[in-house]
A.B. asks: 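The structure that follows is given in the form of C-alpha cells.
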Amino acid sequence: MKALTELVLASHNAGKLKELQAMLGDAVRVRSVAEFSTVEPEETGLSFVENAILKARHAARISGLPALADDSGLAVDALGGAPGIYSARYAGGLGDAANNAKLLEALRDVPDAERGAQFVCALALVRHADDPLPILCEGLWHGRILFEARGAGGFGYDPLFWVPECDCASAELPAAEKNRLSHRARAMVQLKQRLGLA
Ligand SMILES: O=P(O)(O)OP(=O)(O)OP(=O)(O)OC[C@H]1O[C@@H](n2cnc3c(O)ncnc32)[C@H](O)[C@@H]1O
Ligand SMILES: [Mg+2]
C-alpha cells in the first residue's frame with residue numbers, strides 16, 4: 001500500500017478530534033472534514049463498524065482524500081448494551097449533559113456491583129470513497145458507571161465512567177493518560193500498526 005501522508009478526520013465531535021489528532025501525532029497530515037462540509041451523514045448502521053465505514057466513505061467522497069472515522073459509544077451491562085451505537089443521541093440529541101442525566105436516571109436503582117460498562121470504539125480508514133477493503137480496528141475500555149458526575153476533562157460520558165485501573169473517573173484523567181488507556185487508544189494502536197506508523 002502507498003504510504004499514507006494525508007487524511008481527513010471524519011468527525012464533527014471536538015473532543016474526539018482532539019484525541020485522535022494527539023494519537024496520530026505528526027506521522028500524517030490531518031485535515032478536518034469541516035473544511036469540506038458541515039453536513040453530517042446519517043448514522044443508519046446497526047453496528048459501530050458499519051457507522052464508522054459510512055462516515056469514512058462520506059468524508060472521502062466530499063474531500064477526495066483518504067478518510068478516518070471513529071464510531072464509538074458506551075455499552076452499559078444493566079441496560080443490555082444501551083445506549084451503544086445511539087450514545088450520542090441517547091437523550092434525543094440534546095447533548096452530553098442530557099445524555100448523562102438520562103443515564104443516571106436509568107441506573108438509579110442499580111447497585112454498584114451491577115454497574116459494569118464498556119466504552120467501544122470502531123475506527124474505519126478508507127483510501128477512497130469506494131474502497132472495497134477498509135482498514136477496521138476496534139477497542140474496548142471496561143469500567144463502571146458512577147452514581148454522580150466527577151471531573152471536568154474529556155467529553156461525553158467521561159464524568160460518569162469509573163476507571164478501575166486508575167481509581168478515578170475518566171473525566172479526572174489527564175488527557176495524555178486517557179489517550180493511553182481508552183477504547184480509542186486501543187483501536188488506534190492497532191490502526192497505526194496496520195499503517196506502519198507505529
Ligand atoms: O459521529 P461524529 O461526528 O464522530 O461525532 P459523534 O459525537 O456523533 O460521535 P458518535 O456518533 O461516534 O457517538 C459517540 C458518542 O459516544 C460517547 N463517547 C464516545 N467516546 C467517548 C469518550 O472517549 N468519552 C466519553 N464519551 C464518549 C459520546 O457521547 C459521543 O457523542
Ligand atoms: Mg455521530
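Fair warning: this is a prediction, and the values are worked out from it, not measured in the lab. Atoms within a ligand are numbered from 1 in the order they appear, just like the ligands themselves. This chain uses plain numbering: 1 for the first residue, then up along the sequence.
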A.B. asks: Quick one: look up the protein heavy atom nearest atom 12 (O) of ligand 1 and list residue, atom name and how far away it is.
C.D. replies: K16 NZ, 2.8 Å
A.B. asks: For G156, take its heavy atoms, then give the atoms of ligand 1 lying under 4.0 Å from any of them.
C.D. replies: 25 (C), 26 (N), 29 (O)
A.B. asks: So, do S72 and V120 sit near enough that their side-chain heavy atoms are less than 4.5 Å apart?
C.D. replies: no
A.B. asks: Please confirm whether the backbone N or O of G156 pairs with a side-chain atom of D96, one donor and one acceptor, at under 3.5 Å?
C.D. replies: yes
A.B. asks: Measure from the side-chain N and O atoms of R115 to the backbone N and O of V110, and report whether any donor-acceptor pair falls under 3.5 Å.
C.D. replies: yes
A.B. asks: Do L24 and L9 come close enough that some side-chain heavy atom pair is under 4.5 Å?
C.D. replies: yes
A.B. asks: Thinking salt bridges, do E105 and R108 make one under a 4.0 Å N-O criterion?
C.D. replies: yes
A.B. asks: Within a distance under 4.0 Å of any heavy atom of S87, pick out the atoms of ligand 1 and give their elements.
C.D. replies: 15 (C), 16 (O)
A.B. asks: Between H183 and F119, what is the ring plane arrangement, given parallel below 30°, perpendicular above 60°, and tilted in between?
C.D. replies: parallel
A.B. asks: Can D71 be said to touch ligand 1, with heavy atoms closer than 4.0 Å?
C.D. replies: yes
A.B. asks: What I want to check is whether the side chains of E165 and W141 have a donor and an acceptor closer together than 3.5 Å.
C.D. replies: yes
A.B. asks: What residue and heavy atom of the protein are closest to atom 24 (N) of ligand 1, and at what distance?
C.D. replies: D158 OD1, 2.9 Å
A.B. asks: Relative to the heavy atoms of D70, which atoms of ligand 1 are at a distance of less than 4.0 Å?
C.D. replies: 4 (O), 12 (O)
A.B. asks: Going by the atom numbers of ligand 1, which of them fall below 4.0 Å from some non-hydrogen atom of S11?
C.D. replies: 2 (P), 3 (O), 4 (O), 5 (O)
A.B. asks: Is it true that D130 and R61 make a salt bridge, defined as a side-chain N closer than 4.0 Å to a carboxylate O?
C.D. replies: yes
A.B. asks: Measure the distance from atom 5 (O) of ligand 1 to every protein heavy atom, then report the residue, atom name and distance (to 0.1 Å) of the closest one.
C.D. replies: N13 CB, 3.3 Å
A.B. asks: For K178, counting its heavy atoms only, list the atoms of ligand 1 lying under 4.0 Å from any of them.
C.D. replies: 22 (C), 23 (O), 24 (N)
A.B. asks: Need the ligand 1 atom indices (1-based, order shown) with element for anything under 4.0 Å from a heavy-atom of K55.
C.D. replies: 1 (O), 2 (P), 4 (O), 10 (P), 11 (O), 12 (O)
A.B. asks: For atom 20 (N) of ligand 1, grab the closest protein heavy atom and report residue, atom and distance to one decimal in Å.
C.D. replies: R184 NH2, 2.9 Å
A.B. asks: For atom 3 (O) of ligand 1, what is the nearest protein heavy atom, given as residue, atom name and distance?
C.D. replies: H12 N, 2.8 Å
A.B. asks: Report the nearest protein non-hydrogen atom to atom 26 (N) of ligand 1: residue, atom name, distance rounded to 0.1 Å.
C.D. replies: Y157 N, 3.1 Å
A.B. asks: Please state which part of F119 comes within less than 4.0 Å of ligand 1, counting heavy atoms only: side chain, backbone, both or neither.
C.D. replies: side chain
A.B. asks: Are R180 and E177 close enough, and set up right, to give a salt bridge (charged side-chain N to carboxylate O under 4.0 Å, His left out), and what steps lead you there?
C.D. replies: CA-CA 5 Å; R180 200 174 62 79; E177 191 66 358; 2.9 Å; yes
A.B. asks: Which atom, counting only N, O or S, brings E43 closest to the Mg ion (ligand 2)?
C.D. replies: OE2
A.B. asks: Among F161, Y90, F155, which one puts a heavy atom closest to atom 18 (N) of ligand 1?
C.D. replies: F155
A.B. asks: Find the distance between CG (D71) and CD1 (I53) and round it off to the nearest 0.5 Å.
C.D. replies: 10.5 Å
A.B. asks: For N99, state whether at least one heavy atom is located under 4.0 Å from any atom of ligand 1.
C.D. replies: no
A.B. asks: Taking the non-hydrogen atoms of S182, is any one of them nearer than 4.0 angstrom to ligand 1?
C.D. replies: no
A.B. asks: To which protein heavy atom is atom 11 (O) of ligand 1 closest, and what is the distance rounded to 0.1 Å?
C.D. replies: E43 OE1, 2.9 Å
A.B. asks: Answer yes or no: is there an ion pair linking E19 with K16, defined by an N-O contact shorter than 4.0 Å?
C.D. replies: no
A.B. asks: If you measure from each heavy atom of H183 to ligand 1, is any distance below 4.0 Å?
C.D. replies: yes
A.B. asks: How far is atom 8 (O) of ligand 1 from its nearest protein heavy atom, and which residue and atom name does that atom have?
C.D. replies: A88 CB, 3.7 Å
A.B. asks: Looking only at side chains, do E35 and S32 share a donor and an acceptor under 3.5 Å apart?
C.D. replies: no
A.B. asks: Within this structure, what is the CG-SG distance for the pair D70 and C137, rounded to the nearest 0.5 Å?
C.D. replies: 11.5 Å
